[in-house]
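Remarks on the structure that follows.
A quick note: this is a predicted structure, and the numbers were derived from the prediction, not measured. The chain is numbered in sequence order, starting from 1.
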Amino acid sequence: MVLPNGKDIVDVVAGKPGPKSDVKLFRESREGFDPNQKFNGDKAYEGEELTKTPHKKPKKQELTSEQKSRNKELASERIFVEHLIRLVKIFRVAQERFRLNSNKYEEIIMTICGLVRLRIGTFIL
């Protein structure tokens with residue numbers, strides 16, 4: 001989770017072994033936030049209350065021009081999140097299979113997020 005305009009990383013869920021959807025991890029980590037807090041999400045969070053998500057294209061149909069323009073607005077709000085995800089993935093730990101001791105994964109991801117925060121100027125030594 002990041003602040004608007006990608007100003008800082010607010011929360012990191014390092015992931016758990018085994019299959020678990022993004023929306024389930026989001027629901028578990030959301031407990032630390034205000035119950036009325038609103039979020040922006042991608043298509044994986046569709047149906048989650050208080051979360052703005054883009055419209056999915058219905059099977060064998062097209063989106064209306066209004067839905068397409070709304071999706072573009074949401075994409076322009078979310079682009080900062082995608083840029084921060086890219087900065088984390090540069091280190092290749094989050095995008096490839098982790099081959100070290102699995103107990104160290106969360107510590108390494110948090111270190112990488114600290115380096116990303118240092119790079120974007122929100123973490124000062």
Exercise. Yes or no on side-chain contact (heavy atoms from CB on, under 4.5 Å) for V93 and Y105, after CA distance, side-chain angles and deciding distance?
Worked result: CA-CA 9 Å; V93 172; Y105 183 73; 3.8 Å; yes
Exercise. What's the verdict on side-chain contact (heavy atoms from CB on, under 4.5 Å) for V116 and I9, showing C-alpha distance, side-chain angles and the deciding distance?
Worked result: CA-CA 9 Å; V116 168; I9 298 173; 4.1 Å; yes
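A ring-centre distance under 6.0 Å is not found for Y45 and F39.
Atom CD in E82 sits 8.0 Å away from atom NZ in K89 (nearest 0.5 Å). Distance check, rounded to the nearest 0.5 Å: NE2 of H55 to CG of L74 gives 7.5 Å. Interatomic distance, CZ of R78 versus CD1 of I85, reported as 6.5 Å (0.5 Å rounding). Remark: I90 CD1 to L115 CG distance equals 11.5 Å, nearest 0.5 Å. Taking CD1 from I112 and CG from L118, the interatomic distance works out to 13.5 Å, rounded to the nearest 0.5 Å. Distance check, rounded to the nearest 0.5 Å: CG of N71 to OG of S76 gives 11.0 Å.
Both L87 and I109 belong to a single network of hydrophobic side chains, linked directly or stepwise wherever heavy atoms of I, L, V, M, F, W or Y lie under 4.5 Å apart. Cluster membership check: I108 shares its hydrophobic cluster with M110, using side-chain heavy-atom separations under 4.5 Å among Ile, Leu, Val, Met, Phe, Trp and Tyr. In the hydrophobic cluster analysis, where Ile, Leu, Val, Met, Phe, Trp and Tyr join through side-chain heavy atoms closer than 4.5 angstrom, V2 is grouped together with F91.
Checking side-chain atoms of E107 against main-chain N and O of K104 turns up no donor-acceptor pair under 3.5 Å.
Under the 4.5 Å side-chain criterion, counting only non-hydrogen atoms from C-beta, L63 is in contact with P58. Side-chain contact between T53 and K43 is absent, with no heavy-atom pair separated by less than 4.5 Å. Residues L50 and Q37 fail the side-chain proximity criterion, which asks for heavy atoms closer than 4.5 Å. In this structure the side chain of T51 never reaches within 4.5 angstrom of the side chain of N40, judged on heavy atoms.
Here salt bridge (charged side-chain N to carboxylate O under 4.0 Å, His left out) pairs that include residues 47-63, with residues two or more places apart or in two chains, are R27-E48, R30-E48, E46-K56, K52-E77.
P54 and G41 get closest at one heavy-atom pair: CD-O, 3.4 Å.
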